[in-house]
Amino acid sequence: MSEEKRIPQHVAIIMDGNGRWAALRGKERYEGHAAGVEPVRAALRAAARHGVKYLTLYAFSTENWGRPAAEVDALMELFCRSVVDETPELVAQGVRIRMIGDRNRFSEKVQRYLAEAEARTADGRRVTLILALNYSSRDEIVRAVRGIAARVAAGEMTPGAIDERTIAAALDTAEYPDPDLIVRTSGECRLSNFLLWQASYAELLFTPVLWPDFTEEEFDRAVEEYARRDRRFGLVKR
Ligand code: IPE
Ligand code: IPE
Ligand code: MG
């Protein structure tokens, strides 16, 4: 296998542990979220350095709406502020911002900020940063199935014509390759409704590091670990 092939094309990260990081320091949960912005920059720098083309970050799940309103509001503010503050640097670095998830549930203001960040970074060619916002895999699959069912009902396709490509193309991730490596911080070993379809053959890596403590070196270690994995895709070892 060539050296080049061992670099994951798409890395997805479940950024977890902000609340525990804050609690350990006697701070409010939102301070943990604020401390989670620098590690996003670090992950992006490391991804660009390694030649990773897609970096997906799980930033807000559909289930996260059930948290206390003050925390949800603080997260919304942080998303808006971050995309505005970071956009010039992202443009300079050749980063294109995209989103997955159902953005209709966000306020008009949040939707506007997100759309502007996407538009301003649209020419970025080095790394595609995909933010999973109001995302959950089951919600994504439900929306995809509704779309396919509507096409069948309209007589545009037969049920028998539905195959894996039809489903993949109806998901929010239609334009992107499946993740090669999924990293979760904070020591939890679960996917929490993240990329369930797309993760079919992803390598999974769980690290005890809390997200606010995540660094470029931590990303380097994840990429090194990925290079040691033997991906077989159900076939026999070559
Ligand atoms: C991850 O950190 C960020 C979001 C889910 C928005 P948490 O807020 O889940 O932190 P813990 O898991 O409570 O430590
Ligand atoms: C997953 O983390 C969602 C994000 C990182 C945005 P959670 O903290 O919400 O997941 P659980 O509750 O531990 O499964
Ligand atoms: Mg958590």
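Values in this document were obtained by computation on a predicted structure and should not be read as measured data. Note that ligands are numbered from 1 as they come in the structure, with each ligand's atoms numbered from 1 the same way. Position 1 is the first residue of the sequence, and the numbers go up from there.
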- line: The N/O/S atom of Asp16 lying closest to the Mg ion (ligand 3) is OD1
Heavy-atom proximity to [atom], best of [options]:
atom	options	value
atom 2 (O) of ligand 2	Arg184, Arg190, Glu188	Arg184
atom 14 (O) of ligand 2	Ser136, Ser192, Ala59	Ser192
atom 7 (P) of ligand 2	Glu63, Met15, Arg67	Arg67

- prompt: Taking the side chain from Arg105 and the backbone from Asn134, do they hold a donor-acceptor pair closer than 3.5 Å?
  reply: no
message: Any side-chain to backbone donor/acceptor pair from Asn193 onto Ser137? Under 3.5 Å, distance only.
response: yes
- request: For the Mg ion (ligand 3), decide whether Glu188 has an N, O or S atom at a distance under 2.8 Å.
  value: no
Taking C-beta and beyond as the side chain, do [X] and [Y] meet within less than 4.5 Å on heavy atoms?
X	Y	result
Thr173	Thr56	no
Arg67	Arg29	yes
Phe219	Arg49	no

message: Could you check whether atom CD of Glu28 has more than 12 heavy atoms from other residues, nucleotides or ligands sitting under 6.0 Å from it?
response: no
- prompt: Would you say Trp21 has any N or O atom under 3.5 Å from an N or O of ligand 1, going by distance alone?
  reply: no
- request: Return yes or no for this condition: an N or O of Asn18 is under 3.5 Å from an N or O of ligand 1.
  value: yes
field: Residue pair Tyr135, Tyr58: steps toward the side chain to side chain contact (heavy atoms under 4.5 Å, CB included) verdict
entry: CA-CA 8 Å; Tyr135 177 86; Tyr58 200 7; 3.9 Å; yes
- prompt: Taking the non-hydrogen atoms of Gly17, is any one of them nearer than 4.0 angstrom to ligand 1?
  reply: yes
field: Close-contact set for ligand 2 against Phe60 heavy atoms, below 4.0 Å
entry: 6 (C)
query: Any idea how Trp65 and Phe60 line up, ring-wise: parallel (<30°), tilted (30 to 60°), or perpendicular (>60°)?
result: perpendicular
field: Element-labelled atoms of ligand 1 that are located less than 4.0 Å from some non-hydrogen atom of Arg20
entry: 11 (P), 12 (O), 14 (O)
- prompt: Considering all protein heavy atoms, does one lie under 4.0 Å from atom 12 (O) of ligand 2?
  reply: no
- request: Look at atom 9 (O) of ligand 2 and say which protein heavy atom is nearest, naming residue and atom and giving the distance to 0.1 Å.
  value: Asn64 ND2, 3.0 Å
- request: Have a look at ligand 1 and work out which part of Leu210, if any, has a heavy atom under 4.0 Å from it: side chain, backbone, both or neither.
  value: neither
